[in-house]
J.: 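Supplied in structure tokens, the structure appears directly below.
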Amino acid sequence: MIFGRYPSRDKQDKAIAVSAKKFRSAVGSDTSNGLFGNMALYSRVSGSVGLITLQNPPVNALSAVVRQSLIDLMDRALSEPEVKSVVICGQNGKFCGGADIKEFRSDMTGPPLVPMIDRLELSSKPVVAAIEGVALGGGLELALGCHYRVAHSKTRLGLPEVTLGLLPGAGGTQRLPRLVGIPAALELITTGRHVTAAEALQLGLVDFVTDHNTIEAAVKLALSVAGKSLDSRRISTCKCPRPPYADALFEEAMQRVRRSARGAIAPVACVQAVHAAATLPFARGMEQEKQLMATLFTSGQARALQYQFFAQRAVSRWSTPSGARWDTSKPRPVHKVAVIGLGTMGRGITVALAQAGLSVVAVETHEKQLMEAKRVVSGMLERGAKRLGAPPALDKINYSCEIQAVADVDLVIEAVFEDMVVKKTVFRQLSAICKPGTFLFTNTSGLDIDELAAQTRNPELVVGMHFFAPAHVMKLLEVVYGRRSSSQAVATAMKIGKNMDKISVAVGNCSGFVGNRMLRPYLDQAFFLLEEGATPELVDQALEEFGFAMGVFRMSDLSGLDIGWKVRKAKEMVSKTHQDCRYSPLGDLLCERGRFGQKTGRGWYQYDKPGGRVAKPDPWLHSFLEKYRAQRGFVARRIDHQEVLERCLYALINEGFRILEDRIASGPEDIDVIYVLGYSWPRHRGGPMFYAQMVGLSRILEKLEYYHQLHLDIPSLQPCSLLRKLVANGRPPIHKWVEVIKNPHSHL
Ligand SMILES: CC(C)(COP(=O)(O)OP(=O)(O)OC[C@H]1O[C@@H](n2cnc3c(N)ncnc32)[C@H](O)[C@@H]1OP(=O)(O)O)[C@@H](O)C(=O)NCCC(=O)NCCSC(=O)C[C@@H](O)CCCCCCCCCCCCC(=O)O
């Protein structure tokens, strides 16, 4: 066949090695900065095609040395008379994951991307991008600078810069609208959504899609277009198609991003940049892109979002204070899993497991509830399958009313009612029924894992797996190790989480674990603020302006006030007299009056009917608060947004420091990932611990001291010793906090 002379991987690797050697001697000065191994490589294929392979594992990011290498090798291809066209591909089946994000926080060196891509586009010889795996961000922008794009059918393409607080700043905002039109470009750039190769073909983003060897297909195309005019293939020279309704489109896009961005600035800048593409010549549009990018690039939001990007990957490298670690602990293979209890959580967990390809035994003791659960789970699976265009995994699940049905499973996830007595009974039963070695995991949201483990014959097999509702949708999983959990049990829970496409964070065992433990002081402050004169609307507005999707009271109405009430009653908090420590019974009093939130049509707000969604201020609640204050000797005062944020958020952050000090979380990234993915903390603020660093640890300490002096009966406002120590140690950057935690005498 025509590609008979296409080199085998062996031959290609030899060519690569020669080129690498030359490159090394050419950039001899780079030997000192450890950049070797990260480059692009050159070989000649089919006689007249120069093949440039990006080689920077794991995602072929466009680091300084890759960019320099790409420029040099393009020059070489252009200068070789035998070469008539060029193909650019990426090593290991990945075209390119974009600019090297790690470089963004250091002094940017090396040749900039924009002129590099411009030069590529200006090339007199056709350049074809052979896109496999991913073409994201700068990777896609590089492909847009090429004259043709061939993609493998399994490729994902996109401009996700907005998720990093940036915009596609290497011409993406100017070339994409010219290629695919304004509506599609606006949508892709403002959301950062990845598209499949099939959709990319439909949009005109790529020219060909292949199921076979992409590089072969690209070389074939490169051979066929050699010598042909490139005039119509240079996207920068094309006019941006401008529909007659363009103004309305931009107006609508701006409103949409402002509504959904919750204060994030990058989506707004993305709309402005695409607007420049629609209204300005290419060169002026590029100027606009550069200016907008410069503002974003240096913003705290970009820092926060990039921190969160790396944090979400760092949490997979877990460790425990006892020395168990991700790289030395091997998970055990799991094929069959049981879910005990098919309430809201159990149903979601069942769906997530089945969608991950695991066989599930779903157990619910009452036949009627079992049938109802089956109906709901099947519906969820069918809807999910429709979205993905795949068959629903209905046959993965066996339903049973008998707990004995779990006898042969490899792992059980208990998801019964959140009550220690009930859970203990279930664990005793499971320990007796299950085959030896079965992992027994619990979906408790805060009960003591050790106490549950103590009910079993093999406490080392017990781990907490705290899912967030809806369990088949939410990305977060808290994996909670107890005092006796084996490293294999933790590794298995982390692996199952990954199989379900979750981001799992391993944390220690304490009441509420990380997420709910930090939530307690936050909620307490919100209640105390009501007692002191605030309204639910004021508190919620301050938190929503900060960036939370919902303020604490709207959220409480949505999830149901009765849930927390039951827990408080179980802990005897409701009946206890609280002498030394302030306790607000406001939530309990509302529940006693049947106000459970949206489900009853009344809570902190009023709704037009039970189940209604639109929260309206409730005059009854306001007068109830007035009477409450009068009865209990509170004098209402004016409370502003700043106080709401400082009291609620700093109390939560203070608990975060306590969690670090207690080694419940192994680093601030764990907490920040949990809060962004599980508690709707605004992603562009990085997470509570990152936010603390941005605000300044001294300021947090000073404010906590101030509020604690005013409220000596609120211990959660007392600054924790780790916070004091970090301030005393000169407020080290967040990545150095762990050193202070590990070494009590640290001066860094
Ligand atoms: C690619 C993925 C989809 C792969 O997913 P997968 O699950 O397979 O793997 P992981 O996600 O676990 O990743 C593995 C590993 O790789 C690291 N990594 C991934 N991508 C990158 C990257 N782009 N750079 C660096 N490192 C990367 C990842 O961290 C993992 O390693 P770890 O050790 O952490 O476990 C997936 O990884 C993914 O989605 N990646 C991100 C894709 C992306 O977002 N790309 C866009 C990058 S930003 C960009 O491209 C910008 C360009 O548009 C423009 C750049 C122009 C710059 C101009 C600068 C101008 C500045 C002006 C300032 C003026 C200021 C002044 O005035 O002074």
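Start at 1 and go down the list; that is how both ligands and their atoms are numbered.
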J.: Which residues pass the salt bridge (charged side-chain N to carboxylate O under 4.0 Å, His left out) test with Asp207, sequence neighbours left out?
T.: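 Counting only residues at least two positions away or on another chain, Asp207 forms a salt bridge (charged side-chain N to carboxylate O under 4.0 Å, His left out) with Arg233.
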J.: For Glu289, is there any backbone N or O sitting under 3.5 Å from a side-chain donor or acceptor partner on Gln174?
T.: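 Here the side-chain-to-backbone pair does not exist.
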J.: Any idea how His466 and Phe468 line up, ring-wise: parallel (<30°), tilted (30 to 60°), or perpendicular (>60°)?
T.: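 Taking Phe468 first and then His466, their aromatic rings sit tilted (interplane angle of 30° to 60°).
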J.: Hey, is the main chain of Tyr691 close enough, under 3.5 Å, to the side chain of Arg685 for a donor-acceptor pair?
T.: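 Here the side-chain-to-backbone pair does not exist.
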J.: Please list the nearest protein heavy atom to atom 66 (C) of ligand 1 with its residue and the distance rounded to 0.1 Å.
T.: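 So the nearest neighbour among protein heavy atoms is Thr298 CG2, 4.5 Å.
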J.: Starting from atom 8 (O) of ligand 1, what is the nearest protein heavy atom, named by residue and atom, and what distance separates them?
T.: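 Going by distance alone, atom 8 (O) of ligand 1 is nearest to Lys94 NZ, 4.4 Å.
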J.: Tell me the contacting part of Ala99 for ligand 1: side chain, backbone, both, or neither, using a 4.0 Å heavy-atom threshold, strictly below.
T.: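 Both backbone and side chain.
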J.: What do you reckon, does Ile101 have a nitrogen or oxygen under 3.5 Å from a nitrogen or oxygen of ligand 1?
T.: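 Yes - when backbone and side-chain N and O of Ile101 are compared with those of ligand 1, one distance drops under 3.5 Å.
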J.: Is atom 6 (P) of ligand 1 in close reach of the protein, with a heavy atom under 4.0 Å away?
T.: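 Protein heavy atom within 4.0 Å of atom 6 (P) of ligand 1: absent.
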J.: If you round to the nearest 0.5 Å, how far is CG of Leu62 from CG of Asn56?
T.: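 Rounded to the nearest 0.5 Å, the CG-CG separation comes out at 8.5 Å.
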J.: Please identify which atoms of ligand 1 are closer than 4.0 Å to at least one heavy atom of Asp100.
T.: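 Per the distance check, 24 (N), 25 (C).
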J.: What part of Thr163, side chain, backbone, both or neither, has a heavy atom within less than 4.0 angstrom of ligand 1?
T.: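 Contact part for Thr163 vs ligand 1: neither.
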J.: For ligand 1, indicate whether the residue Arg156 contacts it via side chain, backbone, both or neither (heavy-atom separation under 4.0 Å).
T.: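 Side chain only; the backbone of Arg156 stays clear of ligand 1.
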J.: Counting from 1, what ligand 1 atoms have a heavy atom of Phe310 closer than 4.0 Å?
T.: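 Every atom of ligand 1 under 4.0 Å from some heavy atom of Phe310: 29 (O), 34 (O).
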J.: What part of Arg317 sits under 4.0 Å from ligand 1 if we count only heavy atoms: the side chain, the backbone, both or neither?
T.: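 For Arg317, the contact with ligand 1 is made by the side chain alone.
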J.: Could you identify the single nearest non-hydrogen protein atom to atom 20 (N) of ligand 1 and state the distance to 0.1 Å?
T.: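 Here the nearest protein heavy atom works out to Val59 CG2, 3.4 Å.
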J.: Among all protein heavy atoms, pick the one closest to atom 42 (C) of ligand 1 and tell me residue, atom and distance.
T.: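 Result: Gly97 O, 3.3 Å.
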J.: Taking the basic N atoms (NZ, or NE/NH1/NH2) and the acidic carboxylate oxygens, is any pair closer than 4.0 Å for Lys154 and Asp211?
T.: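 The answer is no: the pair does not qualify as a salt bridge.
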J.: Would you mind running through ligand 1 and noting each atom that sits below 4.0 Å from a heavy atom of Gly98?
T.: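 Heavy-atom distances to Gly98 below 4.0 Å select 50 (O).
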J.: Under a 3.5 Å distance rule, please check whether Gln272 uses its side chain to pair with a backbone N or O of Leu292 as donor and acceptor.
T.: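 Not a single qualifying donor-acceptor pair exists.
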J.: Within the 4.0 Å heavy-atom shell around Gly169, which atoms of ligand 1 are there?
T.: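 Listed by number with element, the hits are 53 (O), 54 (C).
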J.: Check step by step if side chain to side chain contact (heavy atoms under 4.5 Å, CB included) holds for Leu120 and Cys146.
T.: CA-CA 7 Å; Leu120 195 77; Cys146 296; 3.8 Å; yes
